[in-house]
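Below, read A as the first sequence line, B as the second, and so on, with proteins coming before strands; counting in each chain starts at 1.
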Amino acid sequence: MIRLLMPVFFILLAVAYLVFTFQLPESQIGNPNGPRYFPALIGFFLLLISIIYCIQEWKQRKEELEEVKQLFTGRTPYLIGSTLVLILIYTFLFERIGFLYSTILFLGGLLFVVNGRKKWLINIVVAVIFSFVSWYSFSELLQVSLP
Amino acid sequence: MRKWIGFISVLSLLIMAGCGGSSSGDGEGGAEFPQEDIEFVAPASPGGGWDGTARAMQKIMSDEGIIEENINVVNKPGGSGEVGWQYLSGQDAHHLAINSSLVITNNLLGQSELTYEDFTPLGILTTEWISVAVPPESEFEKGKDVMEQLKEDPTSLKIGVAPGLGNNDHLSFVQAAKEFGVDIPKVEFLIYESGGDVVSALLGGHVDVATMSVSEAKEQHNAGKFNMIAVSSEERIEGLEGVPTWKEQGVDMVFPHWRGVMGPPDMTEEEIAYWDDKISEMVDSEAWQKVLENNEWQSFYKDSSESKAFLEEQTKNYDELLSESGLTD
Amino acid sequence: MGVDFQNVIEGLMVSIRPLNLLWVLIGGFLGTVVGMLPGLGPATAVAVLIPITFGMDPTSALILMAAIYYGAMYGGSRSSILLNTPGDGSAIAATFDGYPMSQKGQAGQALTISAIASLIGGLFAIVGFVLLAKPLASFALRFGPAEYFMLMLFTLSAIVSLSKGNMVKGFIAMSIGLILSTVGIDLQTGVHRFTFDIPQLSEGIDFLVVIIGVYAVGEVLYNFIGIDSLGSGKKKVGKKWITKEQWQQSKWPMIRSGPMGFLIGVLPGAGGSIASMLSYTTERQLSKNPERFGKGAVEGVAAPESANNAASVGAFIPLLTMGIPGSGTTAVILGAVIMLGLRPGPLLFENSPDMVWTLVNSMFIGNIMLVIMNILMVGLLVRILDTPPKVLYPLILVLAFIGTYTLSYSMVDFYILVIFGLIGLAMKLLNFPIAPLILAVIVGSDMEQNFRKSVVSHDNYLNIFFASSVSTTLTIMTILSVLYPFFLGWLQKRKQKQA
């Protein structure tokens, strides 16, 4: 049954997109429906193709999804979850405490999570050096403005 | 464990292999207003007119020693200037941003809460003039002929414009059309992404008429690839003496495509005076004349108080034109 | 064809002046580096150099900026091949077979062949430039909205048809990409679509953020699966030099793709992404064993690399003959040379032929320098694969964020990046092809605009498909490319029955 999740999601997406499309304001210039034609075309096409997809998946409903299962084995959920949390923190800090410090924290955190606590020395050294080098080369050499 | 060291050194090498950057002098100013580095905000990606103006100002102000402090240019593209100006509104008087009529029209079109009144206008620097062009084999010889045709049948011609509706190229055409009583919302404008695309559409005969800045059209006109039939300036333009102005064709209209600078809101008198001083010094420099010449910009200098009055008058004009064009009610 | 060989020789003399050679070297190297990094592309690199080119001789500035542009085409494929993380649209096709080659332990050879292919494509394009610049420029002008629309539709359908046995998933990926491309202000009418009042969305979603998200971030997350069971790195990188057999396999694909990429590059607005993807699909359809493609076929790396470099040379034709920039990067270059007082336009060839031919010759020299430089770097680059994955992937993630930030300095892009990273992960897990999504995001909005412009021009929907001989041809090819896989399947079934 889990196989039907994706097709149903796409069908809902297509429907939602079509609803938004028909709610678009009318254009004051030229053809009032101009902005809607192309999105409507895509929306209906996606709807049609998702229904075909749904039927295809229904036929194979007995087969297991091996790849997806792997997502929930071992450290994977922990790794992906912590990475997302770290990214959120990074995004929050990026413009507040500046590129250099936030990147050291972000990269350091990632390395501790992924590479493990035992290799703390390598983690810290890599995080500091890499952040500094990229900060230096982007903002000083390439003159890209970083916060 | 030497492996990762190898990697880091490779990567560092690659990243550092940039170009020779500029070393920064010390930025200690006097005790007075500019106490830190100056920042010019170009609310667009590098390469366009806003960015070019900001970088030219940076270059001249530091090279000619007009400003001692370091000057940095930052690009804040997005939302037709909105992102950059939004950013400016939270800064102090060390930060200036380049502006143009979009600071007025974004608000009128409902795309922005900000207007020029939310900032401190510091000056208008340059303008470009806007032309109407047709293919060389076109039956139209004057802008007037195009308008009369459109008056008869507004859907009979395809008009190329870039990079969006409500910009100067579009609105100057609208203003001229209005004078002739054309039913403007019915006119078929084809919008291209960049000025270059409009040029190629006209050269390839995919549009009948195009409106674009004079600098974009000049080379093609001189090469006989297409024919400029009207310009929006007060008098005929140097080097294009054969092209009549709209005024000569009976349309009372002068339509500049100006660019200026503004600062954040609530600047002190002293800060405004400082910038008036520095900007007018820059505008008088020879290097600035060279920049104008290279970019085919015309000088259009107005100081801070003149700018304010100018922006007010422009707002009225744009408001009228936008509703005329059908973009606003 | 109006080429004055006197001018060509004079241009050669100017271009081998030591200072100009140095600019080519610097530009080519810088281009290679920025091409490798996610998000940083030639357009950014050229823009960064604008202040430095102030006060330079316009010809030298043009040489330098052009070298960055084609240098980035060489560099772009490096990260595609080694890490499956392309930095730009034109490098995507290099992942199709380049990354599988890497996984088979042939990273060194993949890098070498892609450099050689770039050289061959570049040389073809330069010869084409010398002989055909003017007639091609007028041919390109005949491409109106209808022709562009059909060209894009054809490329999309060709890419979807690649998703073997799973065209449905390919079409879904394509539709999602097209949906994403409709976000932002509608160019033709000024109506805001699907922006939900977020000002950063009003100019649409930057396709580079999508590429970095789906490929780089998605790849990192995907590799977290089973990362503990991977060893300490030390993958086999294989030999550096290519074998005779590999040369035989990729010789003709490289030679065919050069002119093809060049022609597409000449069209303003088409560019390297379309050129490389079309040459890839063409080679696959011409191949006697198409099943090798996607599993590390050497010609699958050679063809698109030859095409995208040829396209980058072709993009200079509209710029130099008509003053029309044909791509984002050439637009920035145009802006920069205008600041220097040079006005590329229809008269440039007449007024300063020396400059045009100096540039062309410098491209020739630059391509040769770049191929040497890139082959020398192969040994260094494959060492990236020596890094333990547990250190490498966090670093890629950080580079992805920096690259994204430099695109528009906006935090909103960080959220978009993460969302696309997750989408990329899901697509990899569920076996959705990624290329149709990315290509749709790249060409989607142009496709719609051209579609609507051509409706205005031709008054009837059906006329678009047969507006001219060019669009009729493209229409037929589009239909064939969708039907071809079905036809193949049918043929195989029949064979099986007979056997």
Side-chain angles (χ1 to χ4, degrees), chain A residues 6 10 13-14 17 20-21 24-31 34-35 37-39 42-43 45-46 49-50 52-53 56 65 67-68 70-71 73-76 79-80 83-84 87-88 90-91 94-95 99 103 106-107 110-111 114-116 119 122-123 126 130-131 134 138 142-146, chain C residues 34 40 44-45 48 51 166 168-169 171-172 174-176 178-179 182 186 188-194 217 220-221 224-229 388-391 393-395 397-399 401-402 405-406 409 411 414-415 417-418 421-422 425-426 428-432 444 447-448 451-452 455-456:
Chain A
M6 280 322 279
F10 286 127
L13 181 77
Y17 183 69
F20 279 121
T21 299
L24 284 175
E26 286 197 347
S27 160
Q28 310 283 330
I29 297 177
N31 185 336
Y37 286 133
F38 197 74
I42 309 167
F45 182 75
L46 179 62
I49 214 91
S50 311
I52 299 178
Y53 180 43
Q56 271 187 358
L65 280 169
E67 289 259 349
V68 181
Q70 288 175 1
L71 191 59
T73 51
R75 281 209 310 153
T76 313
L79 285 180
I80 294 179
T83 305
L84 292 180
I87 290 173
L88 279 183
Y90 186 47
T91 310
F94 195 76
E95 285 191 329
F99 171 82
T103 304
F106 177 55
L107 184 54
L110 269 178
L111 285 169
V114 180
N115 202 22
K119 299 181 183 159
I122 296 175
N123 295 347
V126 171
F130 188 80
S131 305
S134 45
F138 277 88
L142 289 172
Q143 304 249 309
V144 173
S145 39
L146 294 171
Chain C
V34 296
L40 278 184
T44 324
V48 162
N166 219 331
V168 168
K169 284 182 177 174
F171 276 123
I172 289 182
M174 178 193 88
S175 312
I176 307 276
L178 291 176
I179 285 179
T182 59
D186 173 35
Q188 300 300 322
T189 58
V191 170
H192 282 238
R193 297 192 298 187
F194 318 113
V217 179
V220 169
L221 296 178
F224 281 167
I225 296 174
I227 196 168
D228 292 322
S229 54
K390 286 179 185 174
V391 177
Y393 288 117
L395 294 182
L397 209 54
V398 170
L399 278 178
F401 277 93
I402 303 176
Y405 188 74
T406 60
Y409 312 104
M411 301 312 288
F414 276 19
Y415 296 109
L417 183 72
V418 177
L422 291 173
L425 174 68
K428 280 170 212 260
L429 287 172
L430 296 165
N431 269 324
F432 273 85
M447 215 171 119
E448 176 184 7
F451 174 71
R452 285 169 49 198
V455 170
V456 174

### Task
Would you check if A/Leu88 and C/Phe414 make a side-chain contact, meaning some heavy-atom pair closer than 4.5 Å?
no
### Considering all heavy atoms, the nearest C/Glu448-A/Pro39 contact
OE2-CD, 4.1 Å
### Query
Given the options C/Leu429, C/Asn431, C/Leu430, which has more heavy-atom pairs under 4.5 Å with chain A than any of the others?
C/Leu429
#### Entry: Pick from A/Leu24, A/Leu13, A/Asn123 with the largest number of heavy-atom pairs that fall under 4.5 Å of chain C
A/Leu24
### Task
Please look at A/Thr103 and chain C and tell me whether the side chain, the backbone, both or neither of the residue comes under 4.5 angstrom of a heavy atom of that chain.
side chain
### Summary
So, the part of A/Ser131 with a heavy atom under 4.5 Å from chain C: the answer is neither
### Message
How close do C/Lys390 and A/Asn115 get, counting heavy atoms only, and between which atoms?
### Response
CB-OD1, 3.4 Å
### Message
Could you walk me through whether A/Ile87 and C/Leu417 satisfy the side chain to side chain contact (heavy atoms under 4.5 Å, CB included) test, starting with their C-alpha distance in whole Å, then the side-chain angles of each, then the deciding distance to 0.1 Å, before giving a yes or no?
### Response
CA-CA 10 Å; A/Ile87 290 173; C/Leu417 183 72; over 6 Å; no
### Task
Heavy-atom distances under 4.5 Å only: say whether A/Phe10 touches chain C with side chain, backbone, both or neither.
side chain
#### Entry: Closest contact, heavy atoms only, C/Thr182 versus A/Phe38
CG2-CD2, 4.2 Å
#### Entry: Atom CZ of A/Phe45: over 12 foreign heavy atoms under 6.0 Å
yes
### Query
Shortest non-hydrogen contact from A/Leu111 to C/Pro394?
CD2-CG, 3.8 Å
### Message
Could you check whether A/Phe106 and C/Phe401 have their ring centres less than 6.0 Å apart?
### Response
yes
### Atom group of C/Leu422 that falls short of 4.5 Å from chain A, counting heavy atoms
side chain
## Note on the structure
Scored by heavy-atom pairs under 4.5 Å with chain A, the best of C/Leu221, C/Ile402, C/Ile172, C/Leu425 is C/Ile172
### Message
Determine whether C/Tyr405 and A/Phe94 satisfy the following criterion, ring-ring contact (aromatic ring centres under 6.0 Å, His included), listing intermediate values before the conclusion.
### Response
CA-CA 10 Å; C/Tyr405 188 74; A/Phe94 195 76; 4.8 Å; yes
### Message
According to side-chain contact (heavy atoms from CB on, under 4.5 Å), who are the partners of C/Ile179, at least two apart in sequence or on a separate chain?
### Response
A/Tyr17, A/Ile42, A/Leu46
### A/Ile49 versus chain C, the contacting section by heavy-atom distance below 4.5 Å
both
### Query
Contact part of C/Phe171 toward chain A, heavy-atom cut-off under 4.5 Å: side chain, backbone, both or neither?
both
### Message
Is C/Arg193 close to chain A through its backbone or its side chain, or both, or neither, when contacts mean heavy atoms under 4.5 Å?
### Response
both
### Message
Just so I know, are the side chains of C/Val398 and A/Phe130 near enough to count as touching, which here means a heavy-atom distance under 4.5 Å?
### Response
yes
### Query
What's the spacing between C/Leu395 CG and A/Leu110 CG if we round to 0.5 Å?
9.0 Å
